[in-house]
Every structure is written in C-alpha cells, then in structure tokens.
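Taking it in order: structure first as structure tokens, then the write-up.
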Amino acid sequence: MSFHKIFAVALLGAFLAACGGNTIPDPEPTDTTYGGNSGADTSGAGTDGMGDLEAYGGNNEEMLGNVIYFEFDSSEIRSQDQDLVAAHAIQLNENSFNSVRLEGHADERGSREYNIGLGERRAQAIRQALMIQGVSASQIQTVSFGEERPEALGSSESDYAQNRRVEITYTN
Amino acid sequence: MFKKLQFAICAIVFIASTAHAQKLRIDVQGIAQPTPVAIVPFGWEGNSAAVPLDVAEVINADLKRSGRFAPIAENDMLQKPTEGDDVDFDDWSILGVEAVVVGKVIQSGDNAYTLQFQLFDTFGRRQLVGYRMPASRGTMRAAAHRAADMIYEKLTGIKGVFGTKVAYVTAEQQRDNRLYSLIVSDQDGENEHKIMESKDPIMSPAWSPDGRQLAYVSFEGSKSSIFVQTLRSGNRFQVSSKPGINGAPAFSPDGRKLVITLGGVDGNPDIYVLDINSRQTKRLTTHRAIDTEGTWSPDGKYIYFTSDRSGGPQIYRVSATGGTPERFTFEGSYNARPRLSPDGTRLAMVHNDRGNYRIAVMNIERKDLLILSSGRQDESPSFAPNSDILIYATRQRGDGVLETVSADGLIRQKMASGQGDVREPVWSPFPRF
C-alpha cells in the first residue's frame with residue numbers, strides 16, 4: 001500500500017456566477033482508481049509465477065509510517081518518533097529528486113487561525129529535524145491545515161490526539 | 001442573569017438555486033418582558049389575487065426574533081386596518097399593545113410595487129414613522145426588512161440589522177471527502193447563496209466595508225492563498241499566495257488594505273498589511289511567536305491581533321503604521337481572535353473559561369470581561385454593524401451551528417443548519433441603498 005498517494009486536487013472552475021449562486025462544479029474526478037477494482041492499483045494479482053516481494057537495498061519509502069503525532073499544545077517530536085523522522089531523512093538524502101510536503105494539523109480546540117499557526121509549528125519541527133539530518137530545504141514544503149482536516153471527527157481526547165499530527169506526503 | 005427560554009419559533013428556509021437544500025431553524029431565547037406590538041396583515045392592491053410577499057409576516061418575524069418584542073396573533077386583533085386613518089387606538093390599547101404597524105402593497109406595473117407602512121404609538125395616539133418604498137418582486141423582501149429596521153430603531157433607539165447579511169463556511173462530509181462552501185445569506189438565514197465551493201478547506205471570510213466583496217482563505221492546490229471576490233459578479237482575484245501560511249484577512253476601514261498573516265518558508269506567522277491594488281506588503285510584527293488574526297480598530301489607528309509570545313495566546317495591539325505591540329488582555333490563559341465592535345467600544349474574543357472556549361466581550365475603556373456564551377467550543381465572534389449583537393459558531397451534538405447573542409448577554413438565538421458543519425460566521429456591514 002502506498003502511503004504517499006497524491007490526491008487529485010479540486011481545482012475550482014474559474015469564476016462563480018453572480019449572486020445567483022450557481023457554482024461551477026469541480027470538473028475533475030478525485031478518485032484516480034481505474035478499472036473498477038478500487039485500491040488495487042499496485043496489486044500483483046494475476047501475474048502467474050511471481051512470488052512475494054522481498055525488500056532490497058535498504059528502506060523502501062512505502063514501509064515508512066507517514067504520520068507523526070504530537071502532545072497537546074506541543075510541537076516537540078516524541079522520542080518514539082525520532083527513528084521514523086530519521087528514516088525519512090535517509091530516504092530524502094538518498095533520493096535527492098524526492099521531495100515531501102509536510103502537512104501540519106491541530107485539534108479543534110480554540111481559534112481556527114491560531115490553530116493554523118500551531119499546525120505550521122509542528123510541520124516546521126519536522127522540517128527542521130529533516131534539515132539537521134542533511135535534507136535540503138528545496139526538498140521540503142510545508143502547509144498547515146490547522147483544525148480544518150481532522151483525521152478523527154469526534155471531540156474526545158483520543159480524537160484530539162489523532163488530529164494533532166504531521167502527515168508526510170511525497171510529492172515526487 | 002440569563003432568563004429562561006421565552007419562546008421558540010421555527011422558520012423553514014430554502015435555498016434558491018443550489019443543489020443541496022439546507023434547513024435553517026431559528027430558536028430564540030429572549031428577555032422576560034418583550035414589548036407587545038401588533039403587525040396588522042398588509043393590504044394588497046394589485047392585478048393578481050396573490051400578493052408577492054407577506055410583508056407583515058416578515059416584519060413580524062424580524063421583531064419577534066430580536067427578542068425585544070412580542071407581536072400579538074392575528075386572531076387576537078379587534079380590527080385590521082391597512083391605512084393609518086382607520087386605526088382605532090382604543091382597540092389596541094385595550095389589548096395592551098404598545099405599538100401598531102399598518103401598511104399595504106400597491107402594484108404600479110408588471111414588476112413594480114410600492115410598499116407603504118406606518119408605525120403608531122397606541123398610548124400616545126400618534127404616528128412615529130411612516131414611509132413608502134418602491135420595490136420589485138426581487139427586492140420586496142429587502143424592502144420589508146428595511147421597514148422592520150426603521151420600526152425597530154424608532155421603538156428601541158438602536159439601529160436595526162434585519163436588512164444585513166451573514167457570510168459563513170459549511171463543511172459537508174461526502175463519501176470520500178469533505179465539501180467546503182462559502183455561503184452568504186440574509187441575517188435571518190433566508191436567501192442563501194453559495195459564493196464558492198471546494199474540496200479543499202475554505203476559511204476566514206471577511207467583508208469589505210462597502211459590503212460588496214469578501215476576502216477569504218482557500219486551500220485549493222493544497223496550499224493556502226487569499227482571494228478577494230466581488231459578490232455581484234462572482235469575479236475573484238488572488239491577492240496573496242506566498243510560501244507557507246497566507247491567512248486571516250481583514251479589511252481596513254477604507255477598504256483599500258487587508259491585514260493578513262504570512263508565515264513564510266520558515267513558518268513564523270507574522271502580521272502584515274497588504275495594499276490590495278499594489279500588492280505591496282508591510283510587515284508589522286517580527287516576533288518568533290505565532291502572530292495572527294489581525295483586525296483593524298474602526299478608527300484605523302490600531303491593529304489588534306493574537307500572539308502567543310507570552311506563552312499562551314493573548315490579544316495585543318500595534319499601531320497600524322508600525323511600532324511596538326502592547327499586550328491588551330491579561331485575564332485567563334487563552335484569549336484569541338479579537339474583533340472590535342463597529343462603534344469601537346468593545347472587543348470580542350475567544351476566551352478559555354475553565355477549559356471551555358467561550359465568546360467574551362471586553363469593554364475597551366474599563367477592560368472588564370463579560371462571558372457571553374456557554375458552549376465548550378465556541379469560536380469566531382463577529383459583531384453586527386449596530387454593535388449591539390454578535391454572531392459566533394458553537395457546537396450542537398457535534399455539529400457546528402451559529403448563534404447570536406446581544407452584547408449584554410440577554411437575548412440569544414440559534415441558527416441550526418440541517419446539513420454539515422457550519423462555522424466562521426461574519427456579519428455584513430449595513431446595506432447601502
């Protein structure tokens with residue numbers, strides 16, 4: 001399974017109609033699945049004679065976790081996540097053509113624009129850690145979605161814990 | 001203190017031309033003794049049998065929703081005059097009605113009407129205000145709200161806001177993603193128009209001072225940028241799309257600038273002033289902390305903003321031409337998202353009250369804090385243009401809903417959307433006729 005699939009982005013139709021409120025619907029599909037078998041784009045089914053894959057030549061990026069979680073009101077990378085960040089640094093150092101987008105997120109508590117700042121602070125913490133480990137600034141882009149794209153939709157402490165995160169998305 | 005629930009009304013609302021019909025329900029919590037008034041059904045002089053709009057019903061609903069008035073039922077009326085000369089004051093004062101409104105709609109062309117109304121003081125036995133207004137089918141509702149505004153101002157001394165609008169953002173969970181919409185509706189929830197929609201988040205709508213444009217943040221393309229969109233034409237232009245955060249736009253009082261937040265590649269959010277025409281930016285803060293949510297004081301002198309330079313977020317202000325920021329809030333560990341009342345006397349904010357995020361208002365002179373809301377996760381306060389009411393977002397069974405509250409905390413209404421999560425309401429300026 002690929003952790004860093006790029007989702008098709010909803011590009012808006014140019015300009016929306018006047019006060020009539022008719023909007024131009026998004027012409028682009030968001031699902032790039034092809035051939036009716038959803039999620040099966042990397043499956044090897046039907047290729048007779050092939051055995052299971054074996055990892056070769058170090059870390060495969062697909063094997064890396066791509067979400068790093070944070071404590072409440074904190075942008076500090078927890079000790080258990082240091083290895084994961086280091087693995088991404090290795091991946092990026094070994095493949096200088098690779099680049100990542102670090103998407104910072106916050107839980108829903110408090111003010112929305114302030115939460116954009118908190119999400120950015122988390123994305124920057126990962127960015128700094130990658131750069132200290134040799135990754136070039138040109139390989140990293142950050143964006144903060146604040147509380148706008150929660151992973152868990154509820155309002156419990158465990159939902160909040162899932163939402164305070166940085167997602168590492170390979171864009172190249 | 002807060003009084004018990006006085007009455008609740010329901011208004012079914014439909015959207016004119018959007019695919020997803022939403023239902024907005026409005027509940028009112030009012031003061032103990034709303035003033036009894038009577039809005040007599042309006043007369044109709046026209047070609048067809050049906051009047052284009054029940055004007056009396058619109059005025060009735062406006063006054064009732066304000067929480068300050070208790071319009072009597074039509075069945076209780078002893079007479080139903082449509083002209084001032086026919087008003088028998090005894091028939092109204094015996095019912096305890098303090099003010100009576102009569103009027104009619106007169107058709108003068110295919111799509112040309114005159115809306116005429118008069119307001120009488122039943123005990124003083126005199127006319128307080130009366131007007132005739134031209135209207136078309138398309139503007140009849142706005143004309144009715146305008147009449148309600150004049151009636152409200154005459155009776156309370158406070159400018160009415162029934163003719164104003166509200167912009168807000170909705171998020172609907174769809175099968176695989178969320179659909180974000182930017183909506184403009186009348187302040188009573190009627191007449192909704194979708195201004196923009198996207199599968200990426202939309203945030204932070206802000207009205208231009210003339211009410212013709214909205215600035216907002218859009219994440220289309222998985223990056224933030226700030227747009228200014230003209231409502232009438234639907235045309236929009238991108239005013240900021242720098243690396244990192246482009247956020248929190250708010251117009252200057254003269255409408256020529258925006259205060260915005262820029263984060264830059266290194267992610268240090270600071271307050272900037274952007275000249276909309278030249279696209280030149282001027283940096284106002286340089287602190288390593290998060291500085292965001294800037295807003296102008298109505299006199300244009302200051303920019304108030306949120307900063308966590310002291311540890312947690314607090315509200316600061318800085319001269320709009322630059323200088324050293326001064327801290328403005330000290331009560332509590334979390335004060336964010338400042339918004340000033342248009343009369344410049346009060347500052348609304350999100351305040352952490354023992355673990356709950358609530359809307360609070362501070363008197364600028366006295367600096368005393370009044371907590372106005374009672375939810376766990378209330379946010380985005382915005383003043384009505386008369387400075388007397390605020391709108392904000394709260395949660396109801398997990399959904400974002402909108403509430404309004406009078407600045408003294410006594411009168412509260414809820415606007416619940418049937419679909420999706422409603423957030424970030426912003427109240428328009430007064431309409432210009």
Side-chain angles (χ1 to χ4, degrees), chain A residues 6-26 28 30-31 38 73 75 101-104 107-125 127-128 137-138 140-150 153-155 169 171, chain B residues 15-18 171 173 176-178 180-181 184 192-201 203-204 218-224 229 231-236 243-245 247-248 261 263 265-267 269 290-293 306 308 313 334 336-337 350 352 357 376-377 379-380 395 398 423-424:
Chain A
I6 305 165
F7 292 99
V9 161
L11 286 174
L12 270 179
F15 299 129
L16 312 171
C19 282
N22 285 320
T23 55
I24 300 164
D26 173 15
E28 291 193 24
T30 51
D31 192 342
S38 72
D73 201 24
S75 58
R101 184 171 63 235
L102 307 174
E103 298 183 352
D107 69 40
E108 68 179 13
R109 286 175 286 184
S111 183
R112 286 176 184 273
E113 283 283 2
Y114 180 67
N115 284 340
I116 291 285
L118 291 180
E120 179 73 20
R121 200 176 261 170
R122 289 179 179 134
Q124 289 292 335
R127 177 174 177 263
Q128 291 302 328
S138 63
I140 309 169
Q141 194 194 336
T142 61
V143 61
S144 174
F145 287 107
E147 63 177 280
E148 309 302 315
R149 278 203 171 140
L153 290 175
S155 295
T169 303
T171 53
Chain B
I15 320 169
S17 58
T18 53
Q173 191 66 42
D176 297 326
N177 49 34
R178 290 176 122 189
Y180 299 83
S181 301
V184 172
E192 282 188 350
H193 292 290
K194 192 175 284 197
I195 297 308
M196 137 90 180
E197 67 177 36
S198 174
K199 292 194 171 71
D200 295 302
M203 284 181 76
S204 305
S218 170
F219 283 81
E220 53 205 89
S222 283
K223 57 190 291 299
S224 61
Q229 182 163 329
L231 296 178
R232 193 171 289 269
S233 66
N235 290 341
R236 66 173 195 168
I245 295 172
T261 300
V265 180
D266 295 325
I290 296 171
D291 294 341
T292 188
E293 303 180 320
T306 307
D308 63 0
Y334 190 112
R337 221 275 190 171
V350 176
N352 188 324
Y357 294 88
R376 277 184 62 210
Q377 183 49 271
E379 59 188 22
S380 307
R395 300 287 165 91
R423 72 279 286 278
E424 298 204 83

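Lettering follows sequence order; numbering is per chain, from 1.
Between B:I195 and B:Q229 there is a side-chain heavy-atom pair separated by less than 4.5 Å.
In terms of non-hydrogen atom pairs under 4.5 Å with chain A, the most contact-rich of B:I245, B:V350, B:V184 is B:I245. Between chain A and the options B:A336, B:G247, B:S224, B:P243, the largest number of non-hydrogen pairs under 4.5 Å is found for B:G247. Of the residues considered (B:S380, B:P313, B:S204, B:G398), B:P313 shows the highest number of contacts with chain A, using heavy-atom pairs under 4.5 Å. Ranked by heavy-atom pairs under 4.5 Å with chain B, the list A:T142, A:D73, A:I116 is led by A:I116. Between chain B and the options A:E148, A:E120, A:Q124, A:R112, the largest number of non-hydrogen pairs under 4.5 Å is found for A:R112. In terms of heavy-atom pairs under 4.5 Å with chain A, the best-connected choice from B:R423, B:R337, B:E424 is B:R423.
Closest non-hydrogen pair, B:S222 versus A:V143, comes out as O-CG2, 3.7 Å. A pairwise comparison of heavy atoms in B:T292 and A:Y114 identifies CG2-CA, 3.9 Å as the closest pair. Closest non-hydrogen pair, B:Y334 versus A:R109, comes out as OH-O, 4.4 Å.
Within the 4.5 angstrom heavy-atom criterion, atoms from both the backbone and the side chain of A:L118 approach chain B. Neither the backbone nor the side chain of B:D291 comes within less than 4.5 Å of any heavy atom in chain A. Using a 4.5 Å cut-off between heavy atoms, B:R178 contacts chain A through its side chain alone, with no backbone atom that close.
For the residue pair A:S111 and B:E293, a side-chain donor N or O sits within less than 3.5 Å of a side-chain acceptor on the partner.
By the ring-ring contact (aromatic ring centres under 6.0 Å, His included) test, B:Y180 is found to be paired with no residue, residues two or more places apart in sequence or in another chain being considered. Contacts of A:E108 classified as side chain to side chain contact (heavy atoms under 4.5 Å, CB included), with partners at least two apart in sequence or in another chain: A:E147, A:S155, A:Y160, B:Q377, B:R395.
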